[in-house]
Amino acid sequence: MMRQRRLSLGQRLTLAIPYLWIAAFFLAPMLLIAKISLSHAVLARPPYEPRFLSSDTLADIWAKAQSFTFDNYRALVADSLYFDSYVSSLAIAGVSTVATLLVAYPFALAMARGPRQWRPFLIGLAAAPFWTSFLIRVYAWIALLKDEGLINNALMALGLIDAPLQMFATTGAVVVGIVYSYLPFMLLPIYAALEGQDPSLREAAADLGASPLQVFLRVTLPLSRDGVVAGALLVFIPAVGEFVIPDLLGGSDTLMIGRTLWNDFFANHDWPAASAAAIALVVILLAPLLLWERARLREEEGRR
Amino acid sequence: MSAPLLSIEGVTKKYGAIVALDGVKLDVGAGEFFALLGPSGCGKTTLMRSIAGFETPDSGAVRLRGEDLAGVPPHRRPVNMMFQSYALFPHLDVFENVAFGLRRKGEKEGAIRARVSELLEMTQLAPFGARRINELSGGQRQRVALARALAPKPALLLLDEPLGALDRKLREETQFQLKEIQRKTRTSFVIVTHDQDEALALADRVAVMRGGRVEQIASPIDIYERPATRFVAGFVGETNFVEGVIARDDGLAFATTFGRLPRAQCALPEGARATLSIRPERIEVAREGQGIAGRVEDYVFRGEYTLLRVRVAPDVVLRVGAYDGRFAIGDDVKLTIAPEAGVLFAAAA
């Protein structure tokens, strides 16, 4: 079915642009980090060895390459801090993703079912937070969550609580921050999936005896699966490596790999260890994603 | 006729200033094949959606076996609908599409399997149970939609332009299948269509609708032979409209610009302005002899007959069906219109 055909030069160039982009801005830095992860730390600037110079001969390069080591990866496994950070990051990102989904789905549904002429406005509202700085919005949450913050003051004024609740500087605050910050990334793909659904499918289901709840569970939800998966990935992946939100809203005991990395990089000046941790994170996130995508493609091919 | 299965009693529905249904009254009997025929915007789809429960009439009642359906949501109505777009579930295979209604009824797995197999057999889809919807041809999808709507054994099946998306050849084949399935299942079918051929071919009775009103309800033959209004005559089948005046001085006749046409019967008074609707195939054509003189202006070969355009007066061209037709442009012909052929309508005051 896939017909082999010759592409014109223009088509090739068009296709080449995204690949070149990825090569220049994703692959090249990744290779650099991979290389640093195989180096060892020294007290210098930059703080790792070996370094390759443009004056190196082939023999020099070979000699320097001999000093590459997997010690940093061994350290990752040996030091439980890394393991704990990964597990904690995945857990926090997982909980946050589920929470974001639960908040975003009803929003997306309301947007998709709302009057057609309102939809551009609603999409604009969903994207409105992007008009202010991410950092300022996270800081704003401090003002809401801290002991003498808006929420505690309001609850105390209403007499619902006597002492302020400890909300700021907790892992829960991190989850709230992630849900808030990443909501649009979940909302928009789900909205797109729901908006594209043929309303006559829901009518057909109702006509065949499905109650409104069954229509949702049997038709609307399964047909929005691709949007949910896309949204979940767009939230989960950056949330695992999130640094700003746990740093500003999390407590001293909130362990996330982004913070551990930052400490290695800037506090300990151990670039090779931080690089190894970063590469490991990419592998942890990318491997299941690639497997899932391959399974999906195979399923789609099987259907043809 | 016994008590009707479905009765529509003075149903009216307005969308703002637009009147979609205007006091529609009709009955559908048990086991009847009924057609709602009309041009787009005549209200036939709104009427069907009111029966299914997707629209709520402003006034009037929709009764099924005498029971008022007002306030009964679509999923509790023993009425199923075959959607014009088919609305098949793309995430389910053919079997599960057909089983959908049965599962909602909470039937046992064994009963579901048996019923779905029976329907797949009936619609010649037996080998395709495990297929996805996007792997099916248009005709197969149409049959899945029919099987799915029939599966829960509805009291009444609504079909929205069921053959609209099929090509011409498949359409004819499917017409026979639809009729056969309707006979076998003894379910009342209400079909909505803008295609007069489809309505005439399939239905026991046809309701012709226009502007939210029912113009005529009758058998296909009566609709065709005895249209109640000028609109019905023009909408169903091909026809000629001839303007003239009723004359009774020398035997009942219809006086036109190209001559007097004797009439067998007419309730209109002497001198009344009227329009005669005469089908092309009811005008006899000969090369010589008695009759209205005319000249062939143009012709279209249609296979079983040739449609001629014959000028009989400077301002009148009649379409005439010729069965032995080797006519050429410019031929002189004689036309005869039998006194009982055609229908007279009084000109609108």
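First the proteins, then the strands, lettered A, B, ... as listed; each starts at 1.
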Margin query: As an exercise: rank B:Arg148, B:Arg76, B:Gln84, B:His91 by heavy-atom pairs under 4.5 Å with chain A and give me the winner.
Written below: B:His91
Next item on the list: Determine the sole option in A:Tyr191, A:Phe130, A:Tyr180 for which the ring-ring contact (aromatic ring centres under 6.0 Å, His included) test with A:Phe185 is passed.
Entry: A:Phe130
Check: In Å, rounded to the nearest 0.5 Å, how long is the span from CG of B:Asp27 to CD of B:Glu9?
Finding: 7.5 Å
Next item on the list: Give a yes or no answer on whether the side chain of B:Lys105 reaches the backbone of B:Pro152 with a donor-acceptor pair at less than 3.5 Å.
Entry: yes
Check: So which residues of residues 202-222 of chain A are in contact with chain B at a heavy-atom cut-off of under 4.5 Å?
Finding: A:Glu203, A:Ala204, A:Ala205, A:Ala206, A:Asp207, A:Leu208, A:Gly209, A:Ala210, A:Ser211, A:Pro212, A:Gln214, A:Arg218, A:Val219, A:Pro222
Checklist line | Options B:Arg49, B:Arg77, B:Met82, B:Arg103, ranked by heavy-atom pairs under 4.5 Å with chain A, top entry | finding: B:Arg49
Next item on the list: Give a yes or no on whether a salt bridge exists between A:Glu293 and A:Arg296, defined as a side-chain N under 4.0 angstrom from a carboxylate O.
Entry: yes
Next item on the list: Identify which part of B:Arg131 has an atom lying under 4.5 Å from any heavy atom of chain A, answering side chain, backbone, both or neither.
Entry: neither
Notebook entry, point to check: Any chance CZ of A:Phe83 has more than 12 other-residue heavy atoms, nucleotides or ligands included, within less than 6.0 Å?
Noted result: no
Item checked: Heavy atoms of other groups near A:Phe121 CZ, more than 12 under 6.0 Å -> no
Notebook entry, point to check: Of the backbone (N, CA, C, O) and the side chain (C-beta and beyond), which part of B:Leu158 lies under 4.5 Å from a heavy atom of chain A, both, or neither?
Noted result: neither
Next item on the list: Would you tell me whether A:Asp198 and A:Ser200 have side-chain atoms, one donor and one acceptor, within less than 3.5 Å of each other?
Entry: yes
Note to self: Between B:Gln175 and B:Leu163, is the side-chain contact (heavy atoms from CB on, under 4.5 Å) condition met? List the steps.
What the structure shows: CA-CA 8 Å; B:Gln175 281 180 359; B:Leu163 311 178; 3.4 Å; yes
